[in-house]
Amino acid sequence: MIGLVSYIVFFLILSLIFGIAVLGLNLQWGFTGLFNAGVAGFTAIGAYTMAILTGPARDAVLGGFELPFVVGLIGAMMASGIGAVIVGLATLKLRHEYLAVATFGIAVTIQLVCLNWEYLTGGTLGLIGIPNPSKAWADGPLAQNALYLLVVLVVVGLTFAALERIVKSPWGRMLKAIREDDIAAASLGKSPERVRLEAFVLGCMIMGLSGALYVSFIGYVSPWDFLPIVTFQIWTMLIVGGSANNRGALLGALIVWGVWTMSGFVISRVVPSEIQAQGGAMQAVLIGLILVVTLLIRPRGLIGEELHVSRHARS
Amino acid sequence: MAADALLQLRGVTKRFGGFTAVDAISFDLPRGVIGGLIGPNGAGKTTLFNTVAGLTRLDEGEVLLDAAPIQNLPPHRIFAEGLSRTFQIPRPFPEMSVLENVMLVPLGQSGERFWNNWLRSATVAREERAARARADEIIDFCRLASVRNDQAGTLSGGQLKLLELARVLMADPKIILLDEPAAGVNPSLMLTLVDQIKALNRRGHTFLIIEHNMDVVMSICDPIFVMAQGRLLYEGDSAGARRDPAVLDAYLGDLP
């Protein structure tokens with residue numbers, strides 16, 4: 001029983017951390033129509049920033065600041081935000097698939113930098129010993145994880161509330177107008193360039209926050225955590241849950257991460273041992289299948305978009 | 001006349017490669033009129049609109065609004081200067097309600113700065129109530145009340161023309177450029193549209209209208225500008241246009 005509870009707590013922590021990144025992508029794609037295919041890169045920036053700011057001193061690697069957890073979270077968001085401003089100014093004139101190709105390339109570049117810039121990232125070995133604040137406040141793995149789940153729930157709640165406030169507003173109305181027809185929006189006095197950049201930067205800051213929570217929980221960061229499959233998983237979560245709906249984004253994270261972990265369990269039990277090595281690929285195929293089926297039978301996801309944008313325009 | 005010209009075009013030229021779509025067009029549109037811009041298909045009328053409204057950059061010339069140059073400003077800045085336009089093929093935000101298509105428009109809304117929705121939510125709510133009240137009035141004026149809460153993508157072609165009009169009215173612009181407002185609109189809705197344009201003109205709005213429906217043009221537009229092959233053929237009143245041999249030859253033919 002305790003094993004099951006431990007597992008559920010562990011599962012909820014990871015799926016909600018993914019959920020935060022999905023909320024960031026939802027702001028960009030769901031509400032603004034920005035095809036960011038580089039989600040993993042911006043979570044990586046947040047993760048490494050957290051590791052550097054809060055981690056212990058290491059030989060020949062930047063660090064040893066041992067700053068508090070909250071400072072690490074804020075720093076991670078700032079670093080991802082600065083990265084997003086640079087990337088956004090360079091790429092946001094691109095549309096749709098062109099933006100996707102550019103951001104995908106940038107995320108791969110970020111992953112390669114993580115792999116090779118040893119002074120900053122520890123190279124292939126990554127950075128270890130990143131403190132988890134719950135370990136100072138609770139005894140035993142279950143209590144510590146339960147406490148960390150509480151922290152994650154608070155962060156998810158605050159992020160969700162902050163996003164709901166700005167997307168159901170005149171700003172959110174501009175996002176949607178620019179998503180649907182940027183020429184018409186510009187002809188009605190809105191600046192697509194400014195609004196796109198704002199949504200892109202805010203979304204990437206939230207992805208950075210997700211990466212920071214992840215490394216504090218795992219206690220370790222490596223370049224292999226930010227391969228393109230992560231971007232793919234986060235996109236699937238958004239499409240399954242329901243684009244342009246923050247509740248859908250969180251629901252999609254829970255469902256897709258649930259399928260991912262359960263399929264890993266099933267594959268480990270059912271699939272013959274000689275092809276177990278391909279288990280990860282089978283999981284990826286399964287996720288791809290869910291994505292295709294969702295797009296075919298429920299293209300707006302489980303929870304679709306609401307008609308009214310601004311909460312002030314509801315009857 | 002020039003002293004009270006609201007919109008002045010000075011040698012406006014737009015080329016696409018070797019093709020000159022708009023060729024050194026110059027005219028003054030006085031404040032308070034309903035101007036008509038007519039001419040055969042491909043004459044360059046919509047290109048001229050796009051150039052004036054900032055959607056395409058002009059290659060030569062000047063556009064003055066209230067004596068201030070606006071050429072080559074981005075479209076959202078030109079809109080802020082008081083020039084708004086509708087599109088020949090309506091461009092609604094299809095997944096937004098009619099109400100929010102209209103509420104989107106006012107300039108300088110506090111809530112368009114995302115942080116104000118966290119920090120000054122009472123101000124945002126007050127402005128939204130005011131915007132909603134005004135949007136409701138304009139929607140009623142444009143006879144769209146029955147579809148106020150419908151998705152704009154579900155409207156008929158004629159209703160979309162009215163929605164385009166409603167959106168530009170929300171900004172209370174100095175001048176409204178209408179691109180074929182009567183095209184695809186059924187006769188009774190067209191009468192509504194013409195009535196609304198005349199009513200707005202009486203309230204002081206200046207219009208420049210591209211239109212192929214000569215009944216509409218001849219009944220409400222003065223002055224009339226005729227374009228053909230990118231050039232300005234004629235500028236004057238409607239009676240003069242009907243008699244001008246070049247206009248008859250290029251466009252009107254044997255209009256009764």
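The chains referred to below are lettered A, B, ... by the order of the sequence lines, with proteins before strands, and numbering in each begins at 1. What you see is a predicted model; the values in this text were computed from it and never measured.
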Give the member of A:Gly172, A:Ala185, A:Ser169, A:Ser191 that has the highest number of heavy-atom pairs under 4.5 Å with chain B. A:Ser191
A:Lys190 and B:Val105: which non-hydrogen atoms are nearest, and at how many Å? NZ-O, 3.2 Å
Decide, yes or no, whether a salt bridge links A:Arg311 with B:Glu128 under the criterion of side-chain N to carboxylate O below 4.0 Å. no
Going by heavy atoms in the side chains, are A:Met174 and B:Gln109 under 4.5 Å from each other? no
For the candidates A:Gly189, A:Pro192, A:Ala184, A:Ala161, which exhibits the highest count of non-hydrogen atom pairs separated by less than 4.5 Å from chain B? A:Gly189
For A:Arg165 and B:Ser121, the nearest pair of non-hydrogen atoms, with its separation, is NH1-CB, 3.1 Å
Which residues in residues 33-47 of chain A have any heavy atom lying under 4.5 Å from a heavy atom of chain B? none
Enter the distance from A:Arg194:CZ to B:Glu112:CD here, rounded to the nearest 0.5 Å. 7.0 Å
Would you indicate whether the side-chain heavy atoms of A:Val309 and B:Phe93 approach each other to under 4.5 Å? no
Taking atom CZ as the centre, does A:Phe104 end up with more than 12 heavy-atom neighbours from other residues, nucleotides or ligands that are less than 6.0 angstrom away? no
Other residues, nucleotides, ligands: >12 heavy atoms within 6.0 Å of A:Tyr98 OH: no
Honestly, the part of B:Leu104 sitting under 4.5 Å from a heavy atom of chain A is both
Checking A:Ala199 against chain B: side chain, backbone, both or neither under 4.5 Å from a heavy atom? neither
What's the shortest heavy-atom distance between A:Ala313 and B:Leu99, and which atoms? O-CD2, 3.7 Å
Verify, without hydrogens or angle tests, whether B:Glu100 (side chain) and A:Ser310 (backbone) share a donor-acceptor contact under 3.5 angstrom. yes
Contact residues of residues 60-89 of chain B (partner chain A; heavy-atom separation under 4.5 angstrom): B:Pro75, B:His76, B:Phe79, B:Arg85, B:Phe87
I need the minimum non-hydrogen distance between B:Asn117 and A:Pro170, along with the two atoms involved. OD1-CD, 3.9 Å
Hey, could you give me the CG/CZ distance between A:Leu188 and B:Arg91, rounded to the nearest 0.5 Å? 10.5 Å
Show, in sequence, the C-alpha distance, side-chain angles and deciding distance for A:His312 and B:Glu127, and conclude whether the side chain to side chain contact (heavy atoms under 4.5 Å, CB included) test is met. CA-CA 10 Å; A:His312 309 286; B:Glu127 287 180 7; over 6 Å; no
Are the side chain of B:Trp118 and the backbone N or O of A:Ala162 linked by a donor-acceptor pair below 3.5 Å? yes
Quick one: are B:Pro94 and A:Asp181 in side-chain contact, heavy atoms under 4.5 Å? no
Let's test your reading of the structure: which of A:Arg173, A:Glu306, A:Lys168 forms the most heavy-atom pairs below 4.5 Å with chain B? A:Arg173
What part of B:Ala171 gets closer than 4.5 Å to chain A, counting heavy atoms only: side chain, backbone, both or neither? neither
If I measure from the heavy atoms of chain A, does B:Pro173 come under 4.5 Å with its side chain, its backbone, both, or neither? neither
Find the one option among A:Glu198, A:Arg179, A:Glu193 whose heavy-atom pairs under 4.5 Å with chain B are most numerous. A:Glu198
Heavy-atom contact with chain B under 4.5 Å, split by part of A:Leu202: side chain
